[in-house]
Structures are given as structure tokens and as C-alpha cells.
Amino acid sequence: MKKLFKFAPLCALLLAIVAFILLLAGQALVHDYQVLGQNMHDFYSGPVVLFGQGEAAVLGTSVKYAADDGIKSAWNAILAFIFIIVALVALLLSSIMVFVKIKALEKFGGIIALVAGGLLLVGGIFMFFTRDAFATANEVDLKDFMLGAPWVIGAILAIVGGVVSAFPAVAAIVSKK
């Protein structure tokens with residue numbers, strides 16, 4: 001079992017990469033409804049929610065938002081984005097340390113993995129509360145919108161990646177006591 005623990009940062013890195021891609025490429029907020037028997041699909045893409053610019057569909061009409069259109073980003077989505085980026089860098093460093101034995105850095109491997117796990121966990125949780133934060137920031141009513149499937153899957157992958165990253169460090173701490 002201990003041999004598998006050394007590959008935990010690499011597995012968590014892969015999960016975090018997929019979560020990061022889904023965060024940027026997916027539809028963050030979606031709303032499906034019918035008007036006169038036609039199915040309509042409104043959405044806000046990930047970049048709109050994160051940066052205030054990108055593609056959206058409002059009332060069935062496709063819209064491209066630019067940076068100066070006044071769309072405000074959701075604070076928790078930005079924090080999730082930053083946390084996942086920092087965790088990616090930390091997990092990349094931790095994954096490299098598995099294969100390259102550097103005595104000076106071996107002490108910090110567990111701490112780096114634990115911090116990356118915590119960042120992924122908090123970032124994944126923040127992704128779940130995006131709708132309300134985006135609605136509040138832009139003073140719009142999005143009660144009919146829900147979190148898009150890419151963001152739900154990305155949040156779950158970030159949380160699982162955080163658990164996978166932190167588990168070996170937590171297990172080592174528990175076993176020492």
C-alpha cells in the first residue's frame with residue numbers, strides 16, 4: 001500500500017488538470033426551458049463567470065461579452081481558479097519529487113501535497129457556490145439557472161484530487177502517533 005502512496009501526487013495532478021480544463025472550457029451556469037414548444041438553452045460559459053468576458057446565451061440569443069461590458073466575475077470562482085492553479089504547480093513539484101530524489105526537498109513533499117490537497121478541496125467546494133455569487137455580483141436573478149455539468153464534474157474531481165493528494169500525508173501523520 002505504501003508503494004501506491006508515492007503515486008498519489010501524480011494521480012491528484014491528473015485529476016486537477018481535468019478539473020482545470022472543465023473550469024475553463026465548460027458551461028458554468030445553464031438553464032433549459034421551453035418557449036412555444038421549442039427547447040431553449042441559456043448558459044454562461046466558464047470564462048464569463050471567471051473573468052467577465054466570453055460566450056453566453058441569454059433568452060436564446062448568443063452573446064459575446066467583452067472585458068468592458070460590465071459583467072462582474074464571481075469571487076468564489078476566481079478563488080477556485082487561483083487555488084487550482086497553485087495546487088497544480090504544487091502537485092507538479094510533488095510529482096517530480098517522486099521520481100527525482102532530492103534530499104533537501106524530501107522533507108517538504110508531504111507538506112506540499114497536504115497544502116495542494118487543501119487548496120483543491122477548498123477550490124472544489126467554492127465551485128459549487130458559483131451561481132449565487134455570480135448573481136449577487138451582477139445583481140441579476142439566476143434562480144432558474146443551475147451549475148453546469150462540466151463545473152459539477154470539475155468540482156467533484158477537484159475535491160477527489162484534494163483527498164487523494166492529502167491522504168498519504170494524513171496517513172503518515174496518523175501512523176506516527
Could you walk me through whether Thr130 and Asn76 satisfy the side-chain contact (heavy atoms from CB on, under 4.5 Å) test, starting with their C-alpha distance in whole Å, then the side-chain angles of each, then the deciding distance to 0.1 Å, before giving a yes or no?
CA-CA 6 Å; Thr130 301; Asn76 56 342; 4.2 Å; yes
Consider only side-chain heavy atoms of I, L, V, M, F, W and Y, link residues closer than 4.5 Å, and tell whether [X] and [Y] are in one cluster.
| X | Y | value |
| --- | --- | --- |
| Ile156 | Leu13 | yes |
| Trp151 | Phe43 | no |
| Val18 | Ile153 | yes |
| Leu157 | Leu147 | yes |
| Val89 | Leu114 | no |

Checking the side chain of [X] only, and the main-chain atoms of [Y] only, is there a donor and an acceptor separated by less than 3.5 Å?
| X | Y | value |
| --- | --- | --- |
| Asp42 | His31 | no |
| Ser165 | Gly161 | no |
| Thr136 | Asp132 | yes |

With side chains defined as the heavy atoms from C-beta onward, is the minimum distance between [X] and [Y] less than 4.5 Å?
| X | Y | result |
| --- | --- | --- |
| Leu50 | Ser73 | no |
| Leu91 | Leu120 | yes |
| Met127 | Ile84 | yes |

Tell me the closest heavy-atom pair linking [X] and [Y], and the distance in Å.
| X | Y | result |
| --- | --- | --- |
| Lys143 | Arg131 | O-NH1, 3.3 Å |
| Ser94 | Ile112 | CB-CG2, 4.2 Å |
| Cys11 | Val164 | CB-CG1, 4.1 Å |
| Ala28 | Val49 | CB-CG2, 3.5 Å |

To the nearest 0.5 Å, how far apart are [atom1] in [X] and [atom2] in [Y]?
| X | Y | atom1 | atom2 | answer |
| --- | --- | --- | --- | --- |
| Leu119 | Leu79 | CG | CG | 10.5 Å |
| Leu121 | Phe83 | CG | CZ | 11.0 Å |
| Ile78 | Ile82 | CD1 | CD1 | 6.5 Å |

Ring centres under 6.0 Å, that's the criterion: do [X] and [Y] meet it?
| X | Y | answer |
| --- | --- | --- |
| Trp75 | Phe126 | yes |
| Phe51 | Phe81 | yes |
| Phe134 | Phe145 | no |

Just do the side-chain contact (heavy atoms from CB on, under 4.5 Å) check on Val115 and Val86 with the steps written out, would you?
CA-CA 10 Å; Val115 168; Val86 172; over 6 Å; no
Can you tell me if CZ on Phe129 sees more than 12 non-hydrogen neighbours from other groups inside 6.0 Å?
no
Walk me through it: do Phe128 and Val152 pass the test side-chain contact (heavy atoms from CB on, under 4.5 Å)?
CA-CA 7 Å; Phe128 281 118; Val152 171; 4.3 Å; yes
Should Leu29 and Met146 be marked as a side-chain contact (heavy atoms from CB on, under 4.5 Å) after you check the CA-CA gap, both sets of side-chain angles, and the distance that decides it?
CA-CA 5 Å; Leu29 301 171; Met146 58 186 189; over 6 Å; no
